[in-house]
Amino acid sequence: MAKSNKLPGYLGWPIIGDKTHDFLKNPVKFFEKYSEVYKSAIFLTRLFNKPTIIVGSYEGVKQVLCDDKAEVIHKFLADQFSKDNLHSYELIIERIINEEMRSLDKTSPVDIYSFFKELSSLICFTLFLGIDASQSKELIQELTDLTTIQWHGITTFPLNLHVRRHSSLRFRRASDAKTDLLGIIKKQRPIAQCGFVKQVNNVPETNDDSYINSNILVFISSLVSKAIASYLTSFFITTGQNNHVELQEKMYVDKNLEDQVLLETQRLYPPFVCGRKLAKTECIIDGHKVPEGYSIIYLTYAAHRDENIFENPNDFNADRWNEFSKKKLFTFGDGPRSCIGFDIVMSIVKSIVQRIIAQYEWKLQTTDVIQYKWFPVIRPNTPVCVEFSSKVEIRHLGDQHFTRF
């Protein structure tokens, strides 16, 4: 049946008809509820007191992300993530992992989201600020605190009069934290001896300090480390369950399977459940007319579970990637809105995964259904622990030798 251009859904009255609270509480249940009510994966509602289109179909999300009018990041910035530069970054990543994995507690279960968030933050600070973590523990802690304050402030939503004053204070603190972070970046850039900052400093064309510093701020923000931690947490929860634990040894001997499991983890648990943009002009998304000025919220989570694209979409099935291309995923955007740091993020993720696969077995320490938080990234609502056990034999991963701790 052909889709109507008329948007299903109900806008409701301003303020009293706003559904922001329900959406932020659980965007997945919100989508499931109203897509069933309206019999459509694209529907109209009111969020943040603005007319909003929810897009959850695979084709709809693809169209939103592949809008050819999207702003493309400056070429020189993209060049810093070339394969040649990526190799030098990988050496830094491996060094940090080697040092930090020694702190992995093998005597008791580990809160994996917290562990991976701390590890990925350290990697990001080192890569994008050229910091020697072993010599700069106080600076690392200061950066951690400031990036957390900044993120909490910019995600403050004053949904009612009672919290507006508190939200305003948090926003001001976030603004102050941003100023402090930019000050650290400005001070650190001339003395950086490694990583992205050193590469940027060596490019003659990079004379716009404000532009460069703003992008470094994005790279070291807690959002990046949270996204990496979310991805790794979902991977180790899935492969630590009794019905998937056999994948651990199989992935060690079959790198293709490792890639497939990582892809399936991305599909089922993309770190960012959704994204937002504005319809600057009237447009058609998956057969539905979207008026100019309407907000668009696209749900990556829903698109990755579109039964028109993925058979048995809620089942974990790494074998499906024998047939599918990884380009079918929107975890890191798509088209001109794809993540410029995709390669380096995957380098961090794979380096950590391969190190642990080579040296450990792991098991999820709960059989309960895990409840999730959805913003800013998908992660367990309460600490979820995994128990790591060292393997008996020495593992060799490529040219790098990993010995038992």
Side-chain angles (χ1 to χ4, degrees), residues 26-28 93 96-97 100-101 103-106 108-124 144 147-148 151-152 155 221-245 247-248 251 258-274 300-301 304-305 314 316 318 329-332 339 341-342 344-389:
N26 193 320
V28 172
I93 293 169
I96 297 171
I97 292 173
E100 294 303 310
M101 287 299 292
S103 67
L104 182 63
D105 187 353
K106 299 174 289 295
S108 61
V110 177
D111 175 359
I112 51 173
Y113 178 74
S114 295
F115 176 79
F116 288 132
K117 186 173 68 171
E118 183 176 345
L119 175 57
S120 55
S121 293
L122 187 58
I123 291 172
C124 288
T144 301
T147 53
T148 300
W151 175 251
H152 286 173
T155 55
S221 73
S222 63
L223 186 60
V224 176
S225 58
K226 285 176 183 287
I228 296 172
S230 168
Y231 190 0
L232 289 166
T233 297
S234 296
F235 176 88
F236 284 98
I237 285 177
T238 300
T239 54
Q241 295 172 349
N242 289 334
N243 56 332
H244 295 307
V245 71
L247 289 172
Q248 296 175 23
M251 285 188 291
E258 177 192 308
D259 290 339
Q260 291 174 338
V261 173
L262 282 167
L263 285 168
E264 188 69 346
T265 302
Q266 280 189 49
R267 186 185 72 82
L268 286 171
Y269 305 102
F272 302 110
V273 68
C274 63
T300 305
Y301 185 98
H304 284 181
R305 295 172 184 245
N314 293 319
F316 181 91
L329 294 178
F330 305 127
T331 309
F332 297 95
C339 174
F342 168 76
I344 198 165
V345 166
M346 289 309 301
S347 179
I348 294 171
V349 168
K350 286 189 175 183
S351 294
I352 295 172
V353 165
Q354 289 169 8
R355 173 62 185 265
I356 292 178
I357 287 176
Q359 199 159 357
Y360 297 99
E361 295 175 350
W362 60 94
K363 185 176 181 181
L364 184 65
Q365 294 298 289
T366 181
T367 57
D368 297 338
V369 176
I370 297 173
Q371 302 298 320
Y372 285 89
K373 291 182 179 179
W374 304 98
F375 297 106
V377 296
I378 295 178
R379 65 207 190 278
N381 192 38
T382 56
V384 170
C385 294
V386 166
E387 185 175 35
F388 291 93
S389 303

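- Residues Glu100 and Ile123 have side chains not in contact (no heavy-atom distance under 4.5 Å, counting atoms from C-beta outward).
- Closest of all the heavy-atom pairs between Phe236 and Val386 is O-CG2, 4.4 Å.
- Taking every heavy atom of both residues into account, Thr147 and Ser221 meet most closely at CG2-CA, 4.2 Å.
- The backbone N or O of Ile348 lies less than 3.5 Å from no partner atom in the side chain of Ser351, so there is not a single donor-acceptor pair.
- Using modelled atom types, one finds a donor on one side chain and an acceptor on the other under 3.5 Å when comparing Ser225 with Ser121.
- Across all non-hydrogen atoms, the minimal contact from Ile357 to Trp362 is CG1-CH2, 3.7 Å.
- Considering only heavy atoms from C-beta on, Ile112 stays 4.5 Å or farther from Leu232 through its side chain.
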Stepwise side chain to side chain contact (heavy atoms under 4.5 Å, CB included) check, Val377 with Tyr113:
CA-CA 11 Å; Val377 296; Tyr113 178 74; 3.8 Å; yes
Could you walk me through whether Asn242 and Lys363 pass the side chain to side chain contact (heavy atoms under 4.5 Å, CB included) test, one step at a time?
CA-CA 8 Å; Asn242 289 334; Lys363 185 176 181 181; 3.5 Å; yes
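- In this structure, CG in Leu268 is found 7.5 Å from CG in Asn314, a value given to the nearest 0.5 Å.
- Looking only at side-chain heavy atoms (C-beta outward), Met251 and Val261 come within less than 4.5 Å of each other.
- The aromatic rings of Phe316 and His244 sit tilted, their planes meeting at an angle between 30° and 60°.
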Criterion side chain to side chain contact (heavy atoms under 4.5 Å, CB included) on Arg355 and Tyr360, from CA distance to verdict
CA-CA 8 Å; Arg355 173 62 185 265; Tyr360 297 99; 5.6 Å; no
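- Although no hydrogens or angles enter the test, the distance criterion places a donor-acceptor pair under 3.5 Å between the side chain of Ser120 and the main chain of Lys117.
- Summarising the geometry, atom CD1 belonging to Ile370 is positioned 14.0 Å from atom CZ belonging to Arg379; distances are rounded to the nearest 0.5 Å.
- Taken to the nearest 0.5 Å, the CD atom of Gln359 stands 9.5 Å off from the CG atom of Leu104.
- No donor-acceptor pair under 3.5 Å is formed between the side chain of Arg267 and the backbone N or O of Leu329.
- You'll find the side chain of Ile228 stays beyond 4.5 Å of the side chain of Phe116, heavy atoms only.
- By the neighbour-count criterion of 12 heavy atoms within 6.0 Å, atom CD of Gln241 is densely surrounded, having more than that number from other residues, nucleotides or ligands.
- Side-chain atoms of Gln248 come within 3.5 Å of backbone N or O of Thr239 as a donor-acceptor pair.
- Outside the 6.0 Å centre-distance limit, the rings of Phe375 and Phe272 are not counted as a close aromatic pair.
- Here the side chains of Ser347 and Ile93 are in contact, with some heavy-atom distance below 4.5 Å.
- You'll find the side chain of Glu361 stays beyond 4.5 Å of the side chain of Val245, heavy atoms only.
- In this structure, the side chains of Tyr231 and Met346 come closer than 4.5 Å at one or more pairs of heavy atoms.
- Looking at Ser230, its side chain never comes within 3.5 Å of a backbone N or O of Lys226 through a donor-acceptor pair.
- In terms of heavy-atom proximity, Gln266 sits nearest to His304 at O-ND1, 3.4 Å.
- If you take CG on Asp111 and CD on Glu118, they are separated by 10.5 Å, rounding to the nearest 0.5 Å.
- For the residue pair Trp374 and Tyr372, the shortest heavy atom distance occurs at NE1-O, 3.5 Å.
- Across Thr265 and Ser234, no two heavy atoms sit closer than the pair CG2-CB, 3.7 Å.
- Residues Val384 and Thr233 are not in side-chain contact: their nearest non-hydrogen atoms beyond the backbone lie 4.5 Å or more apart.
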Going through the checks in order, is the side chain to side chain contact (heavy atoms under 4.5 Å, CB included) test met by Tyr301 and Ile378?
CA-CA 10 Å; Tyr301 185 98; Ile378 295 178; 3.9 Å; yes
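- The CD atom of Gln371 sits 9.0 Å away from the CG atom of Asn26 when rounded to the nearest 0.5 Å.
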